[in-house]
2 protein chains.
Amino acid sequence: MDQLAAKPSHTPAPTLKENLRKTREEHARETAQDYVEMIAELIASQGEARVIDMARRLGVTHVTVIRTIQRLQREGLVTTQPYRSIFLTAEGRRLAKESRHRHEVVVAFLESLGVSAAVSQSDAEGIEHHVSRETLAAFVRHLEKKGGA
Amino acid sequence: MDQLAAKPSHTPAPTLKENLRKTREEHARETAQDYVEMIAELIASQGEARVIDMARRLGVTHVTVIRTIQRLQREGLVTTQPYRSIFLTAEGRRLAKESRHRHEVVVAFLESLGVSAAVSQSDAEGIEHHVSRETLAAFVRHLEKKGGA
DNA sequence: TCGATTCTGTAGCACTGGCTACATTATGCA
DNA sequence: TGCATAATGTAGCCAGTGCTACAGAATCGA
């Protein structure tokens with residue numbers, strides 16, 4: 001209650017330090033979600049997830065992919081062996097499934113607002129990482145109201 | 001049209017390399033928007049924008065703020081003099097105004113879905129940077145339909 | 001005025017995630 | 001089989017954004 005005398009649109013009262021301190025780890029978490037989701041997709045569609053395919057899809061070099069995969073392995077989301085394809089751990093699969101669901105909800109929601117399919121996809125990739133449980137639930141409610149009876 | 005044989009929820013067809021290559025500069029741009037918006041707010045409410053106030057609001061040390069301000073100065077968004085407060089350039093003011101508007105639209109939109117005020121504020125800070133012009137327009141339409149006649 | 005405190009700034013470290021250049025392993029085809 | 005190519009991996013660079021520790025400037029009160 002000291003430097004919050006004037007309270008502008010930033011600093012929504014309760015969230016002060018905790019909220020922004022997480023920036024870095026949040027960013028790392030976003031990357032992790034995108035990666036495990038892509039790995040799951042590749043395994044489903046290609047039978048295996050290879051570094052080179054991920055690099056091409058992400059538009060980065062294979063080096064960047066390898067280093068991120070190394071981090072994900074440290075974090076227990078994937079397993080790899082030298083010169084072999086990438087596998088998800090149980091935790092990795094869980095995260096991939098959750099991420100995919102969230103992604104699909106956001107896309108469907110944007111489309112329900114009249115946003116084009118292409119833009120819905122594109123925007124969802126950024127937005128999905130910032131949608132809280134409460135907001136996601138609101139999206140689902142909105143979809144049910146529109147789509148369902 | 002080569003590695004897009006299978007097209008999962010990632011890679012929204014046209015955006016391949018360009019889309020993800022921007023990640024880094026996009027992140028830098030997000031930070032720039034948050035900073036200029038906060039600087040504008042501080043100038044409006046306190047009369048001046050000081051490093052220490054920004055650091056406290058952002059929940060980071062003053063060092064982080066100083067380094068980001070240095071970058072923004074390189075990019076022509078702010079001007080500073082040693083041991084003086086921070087000023088926005090014309091371009092900085094333009095960006096601040098645009099960012100604020102976008103932020104307000106996103107917050108109002110989330111609230112219109114029944115999301116609580118606090119969560120709307122919090123989620124908006126993440127979401128607003130990933131909302132395209134088209135999606136923002138859809139948000140506005142939705143608000144007008146709900147609020148207006 | 002001057003000394004303590006506060007604010008601003010610099011140096012240097014860590015980590016993420018871009019990159020190029022080069023090394024190593026697998027693979028496929030002649 | 002063996003070599004060319006493709007895929008994977010390592011080393012080392014850069015920028016951004018966190019941090020602590022310390023240095024320098026400004027400010028405020030005794």
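A, B, ... follow the sequence lines: proteins, then strands. Residue 1 opens every chain.
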Query raised in the report: B:H62 on top of C:dC7's base, within under 5.5 Å and under 30°?
Result: no
Query - B:T64 vs D:dT17: side-chain N/O to OP1/OP2 distance below 4.0 Å - result: no
Query raised in the report: Please give, in whole Å, the distance from C:dG9 C1' to B:I86 CD1?
Result: 12 Å
Query raised in the report: Does a distance-only test, which skips hydrogens and angles, find a donor-acceptor pair under 3.5 Å between the side chain of B:R29 and the base of D:dG16?
Result: no
Query raised in the report: Atom CD1 of A:I69 and atom C1' of D:dG9: how far apart are they, to the nearest Å?
Result: 13 Å
Query raised in the report: Considering only C:dA26, C:dG9, D:dC19, which nucleotide approaches the side chain of B:R67 most closely?
Result: D:dC19
Report task. Considering only NZ, NE, NH1 and NH2 on the basic side and carboxylate oxygens on the acidic side, decide whether A:R100 and A:E98 come within less than 4.0 Å. Result -> no
Query raised in the report: Which part of the nucleic acid, if any, lies within contact of A:Q70, taking any heavy atom under 4.0 Å across all strands shown: a base, the sugar-phosphate backbone alone, or nothing?
Result: sugar-phosphate
Report summary line: Result for 5'-nearest mapping on DNA chain D, choosing between B:V65 and B:R50, is B:V65
Report task. Could you state the atom-to-atom distance from OH of B:Y35 to C1' of D:dG18 in whole Å? Result -> 10 Å
**Report entry** OP1 or OP2 of C:dC15 under 4.0 Å from side-chain N/O of A:R74
**Finding:** no
**Report entry** Value in whole Å for how far the P atom of D:dT5 lies from CD1 of A:I52
**Finding:** 16 Å
Query raised in the report: Between A:R94 and A:E91, is there a salt bridge with N-O shorter than 4.0 Å?
Result: yes
Requested in this report: Return the value, rounded to whole Å, for the distance between atom CD of A:Q81 and atom C1' of D:dT8.
Outcome: 14 Å
Report task. Check whether any side-chain N or O of A:R71 sits under 4.0 Å from OP1 or OP2 of C:dG17, and answer yes or no. Result -> yes
Requested in this report: Hey, can you tell me if A:F109 and B:F109 have their rings parallel, tilted or perpendicular (30° and 60° cut-offs)?
Outcome: tilted
Query raised in the report: Is the shortest side-chain N/O distance from B:T61 to OP1 or OP2 of D:dT20 below 4.0 Å?
Result: no
Query raised in the report: Would B:R50 and B:E48 pass as an ion pair if we require N to O under 4.0 Å?
Result: yes
Report task. Report the distance from atom CG of A:D53 to atom C1' of D:dA6, rounded to the nearest whole Å. Result -> 12 Å
Report summary line: Separation of D:dG16 atom P from B:I66 atom CD1, nearest Å, is 17 Å
Query raised in the report: Out of D:dA7, D:dG9, D:dA25, which has the shortest distance to the side chain of B:Y83?
Result: D:dA25
Query raised in the report: B:L42 has an atom CG; how far is it from atom P of C:dC7, in whole Å?
Result: 14 Å
Report task. Classify the angle between the aromatic ring planes of B:H130 and A:H130 as parallel (below 30°), tilted (30 to 60°) or perpendicular (above 60°). Result -> parallel
Query - 5' precedence on DNA chain C between A:R84 and A:A32 (nearest-nucleotide basis) - result: A:A32
